[in-house]
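Residue numbering restarts at 1 for every chain, and letters A, B, ... go by the order of the sequence lines.
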Number of protein chains: 2
Amino acid sequence: MSAMKIKTMEEFASVSGLSRPTVSKYFFDPKSVRQSTRARIEEALTRYDYRPNIYAMNQNRRLTRMVGIVVPFLADPFFAEIARTIERRCVASGFRPLLFGSHGEPDLEVEILQSVLALKPAATLLAPLGRRSDKQAVAAFCEDVPTILFDSNIEGLGEAFVGSNNDRSIGRIVAYLCETGSPPCFFELKAPPNPNAYKRRAAYLNAMEALGHEPHLVQVHGEGWDFENIGCNEGMAAFERRAFATDTVLCSNDRLAIGLLAAAYRRGLKVGRGEGCALRIAGHDDHPFSRFTTPALTTVSQDYEAIATHCMEALERLIGGGDAGPRDTVMFDGRLVVRESA
Amino acid sequence: MSAMKIKTMEEFASVSGLSRPTVSKYFFDPKSVRQSTRARIEEALTRYDYRPNIYAMNQNRRLTRMVGIVVPFLADPFFAEIARTIERRCVASGFRPLLFGSHGEPDLEVEILQSVLALKPAATLLAPLGRRSDKQAVAAFCEDVPTILFDSNIEGLGEAFVGSNNDRSIGRIVAYLCETGSPPCFFELKAPPNPNAYKRRAAYLNAMEALGHEPHLVQVHGEGWDFENIGCNEGMAAFERRAFATDTVLCSNDRLAIGLLAAAYRRGLKVGRGEGCALRIAGHDDHPFSRFTTPALTTVSQDYEAIATHCMEALERLIGGGDAGPRDTVMFDGRLVVRESA
DNA sequence: GAGATAATTTTACGCGCGTAAAATTTCGAT
DNA sequence: ATCGAAATTTTACGCGCGTAAAATTATCTC
């Protein structure tokens, strides 16, 4: 490796004895230059470690291989996990993912979309904030960048939506809970940030009605994404005021359930479905750590791999095929994961 | 808002009746143009929603306000949390953070550093993979970009290191555990990915020796960052073979502890320091979810806020002051967080 | 109101790279 | 060895923007 630092493609072309555009062609597709030319470039590459500036490339390439991935909250393990899965798939398909978290803030989401736009990505996978999103700004972004929505849908926006069928997954776990014990109450935020929560509430009400049980919503106050904390504190308060009409609680998501589990423990309530248990608690999402709660959390697994796979398929179709076709909406069924807590 | 879409600064300058460089000056510093000019631009800004392309800006600006933040694994809540804290501080100080996770892969870390370099960031905050990092590549990066290492140190690299004093925090919790019950065994990976783990092991051995107790390392096999899983499975096996010489276990980090907590539960071992408890378990880091385990995890809190604050201070000093000064190393003391598990 | 000086804007060029069109080279067929 | 088509490389220009230097405009004196 030579000591001389090569910073630009011009310099690198010069030391390989070629013109810059030829080198540029090589970096776009090594097979697009003559074999002997390729050998010269690759020989130079062993002597100097040069790599093209990706942002300068993106500025000019008609089509980049960049993919923007935007999620509402990266410190939420659910989103961290799904983002990780999608990122891996992107890399495997030869794309360059760039991950952003909106920190739950609509303004930041808009700003992120602006800077994703500046990247000229081939496409973007967006899990919008949802209710709080600046819909106009998101719509404007979708005009300019082929966008696939995931996790939470904003009707009519983007080329596709990939998510989970809350209706069916909540229906399934409600049915399971009713079959194996008393019908569940539903523990949730009164004004949740994520639209899925609304779908789940509706799904719970439907499912209970269909099974002929009276629904019990236990709605607690709380803002933001600090779900475990809300679940724990508000759960304690709910126990205090005997808010749960039955001994079974279905939580709107696993993070609330983890909080409620902690609250139950503090109240001395044994959770589970065995002998001597005072309470059953279930969640939704199959959060990466739900397997390790004590007791392990019964939940509905969102199919991370299937969602990621379908996102990538939709993405490749979007990039490959010229005609967009109608906006397609795919919702995967959750898988009931019976563990110890319910 | 006019229907016409403004894409470039040229276009925007044209509709504001000015030349592009004037507009460029405005966006660098609104006060740098005449008051009347500024008014014209801002009036135009209300009619057209134009924003400069940040990547094109970065390509040319002598100094950008970009800050690269690189962590080894974003799906680890510890890193997600510290990254979030630092990101917030960056935004508050008027920087534009760009967050990357290496997915535990040295190759990806190198690639990320390459693309961070292309961003021409004002500085970079890097939590390196550590043991598995390509040290040469990291060193080359540090030559080109003012870099502050955090969480895990690579001696001599970067302008500063900000982290936790493992020696003192492990010393503190070992002392606490010894005072309040039997001396702890130390539960860890045999070949951990993160260098802090080695420091903690050494600190444990030191602390035990200083207190006149015989140390007991329980080292388990496992690769990667799936710590809860390793902690649970290997913890089960360790219980099986009675690997823990005492009834107290200090885990190398909270994620292992969360796994071990799950293993103990499955074995029917009651964890805590009260009556009828079979085992005490403690961790290290004060992982965001450690408050919500059952029982709540006794641990040592890393001072996220202090680390983030000092990172930003070092960053501003680095950018502001011309002379770098000697590499400064700051290590914050952890805070003993006594909860229920030990 | 003319001339000098300071503040501001514009011109001209550059950043690192992509890409269409022109120029060159290569290669097979004669 | 010669010609022509195809493959390849180079020339020339553009992307969206920053910035130094030149040109313009505003401000101040007398």
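Separating the OH atom of B:Tyr26 from the C1' atom of C:dA7 is a distance of 19 Å, rounded to the nearest angstrom. Whole-Å rounding puts the B:Ile41 CD1 to C:dT10 C1' distance at 14 Å. For B:Asp29 and D:dG18, the CG to P distance is 13 Å, given to the nearest whole Å. A:Lys31 places its NZ atom 17 Å from the P atom of D:dA7, with the value rounded to the nearest Å. Whole-Å rounding puts the A:Asn60 CG to D:dG16 P distance at 9 Å. Here the C1' atom of nucleotide C:dC15 and the NZ atom of B:Lys120 are 6 Å apart, to the nearest Å. Taking atom CZ of residue A:Arg65 and atom P of nucleotide C:dG18, one finds them 15 Å apart after rounding to whole Å. Per the geometry, CE belonging to A:Met57 stands 19 Å off P belonging to D:dC17, to the nearest Å.
Of the candidates C:dC17, D:dG18, D:dT10, D:dT10 carries the atom nearest the A:Ser19 side chain, counting heavy atoms from C-beta on. If you check D:dT9, D:dG18, C:dG18 against the side chain of A:Arg20, the one that comes closest is C:dG18. With distances taken from any side-chain atom of A:Pro21 to the nucleotides D:dA12, D:dC15, C:dC17, the minimum falls on D:dA12. Considering only the side chain of A:Thr37, D:dT8 comes nearest among C:dT10, D:dT8, D:dA20.
Heavy atoms of B:Arg62 sit under 4.0 angstrom from primed sugar atoms or phosphate atoms, though from no base atom. At the heavy-atom level, A:Phe27 lies nowhere under 4.0 Å from the strands shown. Counting non-hydrogen atoms under 4.0 angstrom, A:Thr8 reaches the backbone sugars and phosphates but no base.
Side chains of B:Ser133 and B:Glu109: a donor on one and an acceptor on the other come within 3.5 Å. Side chains of B:Glu11 and B:Tyr48: no donor on one and acceptor on the other come within 3.5 Å.
Both B:Ala56 and B:Thr22 lie near DNA chain C, and the one whose nearest nucleotide falls closer to the 5' end is B:Thr22.
Using a 4.5 Å heavy-atom threshold, the side chains of B:Thr8 and B:Tyr50 count as separate. Counting only heavy atoms from C-beta outward, the side chains of A:Phe100 and A:Leu108 never approach each other to under 4.5 Å.
A close approach under 4.0 Å does not occur between any side-chain nitrogen or oxygen of A:Arg34 and OP1 or OP2 of D:dT8. Taking side-chain N and O atoms only, B:Ser24 has no distance below 4.0 Å to OP1 or OP2 of D:dC17. Taking side-chain N and O atoms only, A:Tyr50 has a distance below 4.0 Å to OP1 or OP2 of C:dC17.
When every heavy atom of B:Ala118 is checked against every heavy atom of A:Tyr55, the shortest pair comes out as CB-CD1, 3.7 Å.
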